[in-house]
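First up is the structure itself, then whatever we jot down about it.
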Amino acid sequence: MAEYRIDDLARAAGTTVRNVRVYQDRELLPPPRRQGRTAIYSDAHLVRLRLIINMLERGYAFAQIKEMISAWESGRSLGDVLGLEEVVGESWAEEAPRAVTATELRRMFGKQFSPGNVKRAMELGLLERRGRGFVSQSPQLLDAGAELVSLGVPLGEVLDLAEQLQQDIDHVAGHLVEMVRRHVLTRPVPTEEEVPYYSDVLQRLRPLVMSALNAAAARSAARVIPEVLGDRLIEMVAGSEEHAKRA
DNA sequence: CTTCTTACA
DNA sequence: TGTAAGCA
């Protein structure tokens, strides 16, 4: 658990000491722990500070931010489980599509860049035609796929995986959103006082889903990789790394 | 030298 | 939001 002096905190969040003090005075930031005269901040403060800056940039007034923060604190359980706050400081904008030429694709996928696979990728919505070339709706998936192929996994199987992955993720994300609908956005029509809260929850639903899935994916990777590959293999590889370091 | 407070713009 | 003075 990292600790920050006010200058470190401001730097880490990309703002100034002055502003940190202002947010603190306006009670948007929780009071720091004091060590004599100097204030000691935690990671929680950093997360909160990033949140505040984000909301400020989106045009929220101090008072509105304060309201939302207290709203979250009163109904904390969901936010805790899903890491609500952790998300908001990050850029969770939707991935930007990227144009890719046929030449690039051929370089990435070699001879497996075939009309059949292209058709399949287009059916899966991974690739779209644009003039002579293509545009990838998810450069990250494209790059991940290219890496798998370069490691020797057949592109056909990579595409199978992409399809399966999309279905599974749709399923889980659907569940999550449904949970929020059932437990948080309980009214079909919110009362007038609830409208701002509802609106904020809706705005954060996408980053919230992404955060939950991201966290789950990280845990899964850590757990599943040794499970599937076996501890023996992992140990052997770790051992050879030691050899490499010594050399 | 850094932090904090207060004040002014 | 930046800057400055005076203090600890």
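A note on names: the letters A, B, ... follow the listed sequences, proteins ahead of strands, and every chain is numbered from 1.
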Rounded to the nearest Å, what distance is computed from the [atom1] atom of residue [X] to the [atom2] atom of nucleotide [N]?
{"X": "A/Q24", "N": "B/dC4", "atom1": "CD", "atom2": "P", "answer": "8 Å"}
{"X": "A/I52", "N": "C/dT1", "atom1": "CD1", "atom2": "C1'", "answer": "16 Å"}
{"X": "A/D25", "N": "B/dC4", "atom1": "CG", "atom2": "P", "answer": "11 Å"}
{"X": "A/I6", "N": "B/dC4", "atom1": "CD1", "atom2": "C1'", "answer": "9 Å"}
{"X": "A/L28", "N": "C/dT1", "atom1": "CG", "atom2": "P", "answer": "12 Å"}

According to a strict under-4.0 Å criterion, is [X] in side-chain N/O contact with OP1 or OP2 of [N]?
{"X": "A/T16", "N": "C/dG2", "value": "yes"}
{"X": "A/R21", "N": "B/dC4", "value": "yes"}
{"X": "A/Y4", "N": "B/dT2", "value": "no"}

Using a 4.0 Å heavy-atom cut-off, does A/V22 contact any base of the nucleic acid, only the sugar-phosphate backbone, or nothing at all?
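Base contact - A/V22 has a heavy atom under 4.0 Å of at least one base atom.
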Intermediate values then yes/no, side chain to side chain contact (heavy atoms under 4.5 Å, CB included), A/Y41 and A/L46
CA-CA 8 Å; A/Y41 301 85; A/L46 179 56; over 6 Å; no
Options B/dT2, B/dA7, B/dC4, nucleotide nearest the side-chain atoms of A/R5:
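Closest nucleotide to the A/R5 side chain: B/dT2.
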If you only use heavy atoms from C-beta on, which nucleotide in B/dT2, C/dT1, B/dC4 is closest to the side chain of A/Y23?
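Closest nucleotide among those given: C/dT1.
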Side chain to side chain contact (heavy atoms under 4.5 Å, CB included) between A/L142 and A/L126, intermediate numbers included
CA-CA 8 Å; A/L142 181 68; A/L126 264 28; over 6 Å; no
Indicate if A/V180 and A/I169 have the same hydrophobic cluster label, given that clusters are the connected sets of ILVMFWY residues with side-chain heavy-atom separations under 4.5 angstrom.
yes
Across all strands shown, which nucleotide pairs with B/dT2 by Watson-Crick or G-U wobble geometry, both distances under 3.5 Å?
C/dA8
For A/R5, check salt bridge (charged side-chain N to carboxylate O under 4.0 Å, His left out) against everything at least two apart and list the hits.
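In terms of salt bridge (charged side-chain N to carboxylate O under 4.0 Å, His left out), with neighbours along the sequence ignored, A/R5 is linked to A/D8.
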Contacts of A/R18 and A/R34 projected onto DNA chain B by closest heavy atom; the upstream (5') one is A/R34
